[in-house]
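Below: one structure, written as structure tokens.
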Amino acid sequence: MKALCDRFVPQQCSSSSKSDTHDKSPLVSDSGPSDNKSKFTLWSNVFTSSSSVSQPYRESSTSGHKQVCTTRNGWTAFVKRVSMATGAIRRFQDRVLGPNRTGLPSTTSDVWLLGVCYKISEDEASGETNTGCVVAAFQQDFSSKILMTYRRGFEPFRNTTYTSDVNWGCMIRSSQMLFAQALLFHRLGRSWTKKSELPEQEYLETLEPFGDSESSAFSIHNLIIAGASYGLAAGSWVGPYAICRAWESLACKKRKQTDSKNQTLPMAVHIVSGSEDGERGGAPILCIEDASKSCLEFSKGQSEWTPILLLVPLVLGLDSVNPRYIPSLIATFTFPQSVGILGGKPGASTYIVGVQEDKGFYLDPHEVQQVVTVNTETPDVDTSSYHCNVIRYVPLESLDPSLALGFYCRDKDDFDDFCLRASKLAEDSNGAPLFTITQTHSTINQNNYGFSDDDSEDEREDDWQML
């Protein structure tokens, strides 16, 4: 199912006219647009062997309409096969993933995008006005978020022949988006949006370490190496908890390799897990004492507090997200420290950056693009493949229950503000907190939200899978 879901996530992310052709061709293949035999084989395999399905490359196929049969009957047969395959794919997509939902829903409910609220008027929601200043601001903000997708044509992973992460790298790409966004907030602030002129130095510095080679600090190559002990491997899909631990390991490795003033990742990374490092059920616990220790280790003893990225891996149900957690998930996007959620369908990860009512707006990594080298020495490089103009949303209730929250705190005051907001959210959760806050380890076993140890712990642990 993971491979199937990963295969058919709808794609149309592009901010350039060239990449607009990604979704126009119903038949695409990693062997190129002229390899029609491979195309027929690919589509026949979709319906004859569901256990071996792999996602085809979504490459531009402007030449895909060249004549492929020398006779009229041959061309007619080709068209019929294309039509049948396309219809089946659409039916499969609607059944498993739901229909492709794009744009802003026609409602005046507030839209939250990583801590920023957009209040849409009735005229804008109904489309009766052409001004659309709020909608335009939201679209500009959304399209400025960093998009990481499948890439092809990079150097092979160690001891493999993989030169692309198609069909298995979506969770890794989603996590790269979250970290890139935290870096962007750190360097340019939350109010920054991408303009049409030459990109800023800090913007290029944010993208550079996410290149697709071992020489790039936060490449998919290095994440796989750092996360090997958590199950990361080329060709294998991983979940939110494993990728969070992989980032923690990679950040630690990079910290030891460089001095504190020249860190590629200028912030501590702290995993918020359950008691006994996630070995028991129950809501994860953010221990302020541990967060402070992570900052001290990051600065190598030079500072008691530093910028910090908090990662909160969660399992909020069995087959789907328990509805009682959805209000709290929505509320996290009102936090100014929010950098989104790693989550999506089973086996098909996305990066959720905003909400409106019970819908989540997301960036989708399931598009194959050619490797692009971005660095500060090439300021005129085309970075359009790192952004998406198509606004997609998904009902939050349809998300896979395994997901991870991210929060970036710039300094101690920002962290204290986050703790106040998170504590209030836990108090208002009606007995279903996403996570809780405690000052020290000595208070971890104490219940601060009106539960009795005998009555509540068994009930809450039933809804949590051990991480």
Side-chain angles (χ1 to χ4, degrees), residues 9-25 28 57-62 93 97 99-107 111-118 120 124-125 127 129-151 170 173-174 176-178 180-181 184-185 188 190-200 203-204 206-207 210 333 339-341 344 348-356 359-370 372 374 380-394:
V9 173
Q11 293 308 310
Q12 201 174 355
C13 286
S14 175
S15 57
S16 64
S17 60
K18 290 183 179 180
S19 56
D20 285 342
T21 61
H22 285 318
D23 297 324
K24 293 182 180 178
S25 174
V28 286
Y57 290 135
R58 298 180 182 271
E59 297 175 0
S60 175
S61 51
T62 54
Q93 180 180 10
L97 297 175
N100 189 9
R101 303 175 175 90
T102 61
L104 278 171
S106 299
T107 175
V111 178
W112 285 93
L113 184 64
L114 300 186
V116 175
C117 182
Y118 292 90
I120 300 175
E124 285 188 286
T129 177
N130 292 325
T131 56
C133 57
V134 176
V135 172
F138 169 78
Q139 291 173 335
Q140 176 67 23
D141 194 1
F142 180 88
S143 63
S144 296
K145 300 297 170 277
I146 303 298
L147 171 72
M148 302 284 180
T149 70
Y150 292 146
R151 295 284 180 175
C170 57
R173 297 300 185 182
S174 297
Q176 286 180 319
M177 289 190 245
L178 188 149
Q181 201 55 55
L184 209 57
F185 283 2
L188 294 170
R190 174 61 184 87
S191 61
W192 177 89
T193 57
K194 189 176 185 298
K195 307 300 191 298
S196 58
E197 59 264 19
L198 288 177
E200 297 94 326
Y203 167 75
L204 295 177
T206 298
L207 293 181
F210 294 94
F333 286 95
V339 286
I341 296 177
S349 174
T350 61
Y351 174 42
I352 303 171
V353 295
V355 291
Q356 183 183 38
K359 304 172 185 67
F361 299 101
Y362 66 92
L363 291 170
D364 195 344
H366 301 85
E367 176 185 1
V368 183
Q369 302 187 90
Q370 186 66 35
V372 176
V374 177
D380 57 343
V381 64
D382 181 8
T383 61
S384 61
S385 65
Y386 286 96
H387 298 276
C388 177
N389 290 331
V390 179
I391 299 172
R392 292 185 172 86
Y393 63 90
V394 61

Please confirm whether the backbone N or O of [Y] pairs with a side-chain atom of [X], one donor and one acceptor, at under 3.5 Å?
| X | Y | value |
| --- | --- | --- |
| R151 | Q370 | yes |
| Q369 | S385 | yes |
| T193 | S144 | no |
| R173 | T149 | yes |

Heavy-atom side-chain contact between [X] and [Y] under 4.5 Å:
| X | Y | answer |
| --- | --- | --- |
| L204 | V381 | yes |
| C170 | Y150 | yes |
| D382 | V372 | no |
| T383 | L207 | yes |

task = Report the C-alpha distance between V394 and K359 in whole Å, list the side-chain angles of each, state the deciding distance to 0.1 Å, and finish with yes or no for side-chain contact (heavy atoms from CB on, under 4.5 Å).
result = CA-CA 6 Å; V394 61; K359 304 172 185 67; over 6 Å; no

Within this structure, what is the [atom1]-[atom2] distance for the pair [X] and [Y], rounded to the nearest 0.5 Å?
| X | Y | atom1 | atom2 | answer |
| --- | --- | --- | --- | --- |
| Q356 | F333 | CD | CZ | 13.0 Å |
| S143 | L363 | OG | CG | 10.0 Å |
| E367 | L147 | CD | CG | 7.0 Å |
| S349 | I341 | OG | CD1 | 11.5 Å |
| T350 | H366 | OG1 | NE2 | 8.0 Å |

task = Begin from the C-alpha positions of Y393 and I391 and carry the test side-chain contact (heavy atoms from CB on, under 4.5 Å) through to its verdict.
result = CA-CA 7 Å; Y393 63 90; I391 299 172; 5.6 Å; no

remark   = Nearest heavy-atom contact between Y351 and S174 is N-OG, 4.0 Å

message = Which heavy atom of Y118 sits nearest to which heavy atom of L113, and what is that distance?
response = CE1-CB, 4.1 Å

message = If you apply the rule side-chain contact (heavy atoms from CB on, under 4.5 Å), what do you find for M148 with Y386, and how did you get there?
response = CA-CA 6 Å; M148 302 284 180; Y386 286 96; 3.8 Å; yes

request  = Report the residue from L184, L178, V353 that forms a side-chain contact (heavy atoms from CB on, under 4.5 Å) with V339.
outcome  = L178

request  = State yes or no: are the ring centers of F138 and F361 separated by less than 6.0 Å?
outcome  = yes

task = Please identify each residue that fulfils side-chain contact (heavy atoms from CB on, under 4.5 Å) with E200, with sequence neighbours left out.
result =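 Partners of E200 under the side-chain contact (heavy atoms from CB on, under 4.5 Å) test: W192, E202, Y203.
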
request  = Starting from the C-alpha separation in whole Å, work towards a yes-or-no answer on side-chain contact (heavy atoms from CB on, under 4.5 Å) for L114 and K145.
outcome  = CA-CA 10 Å; L114 300 186; K145 300 297 170 277; 3.6 Å; yes

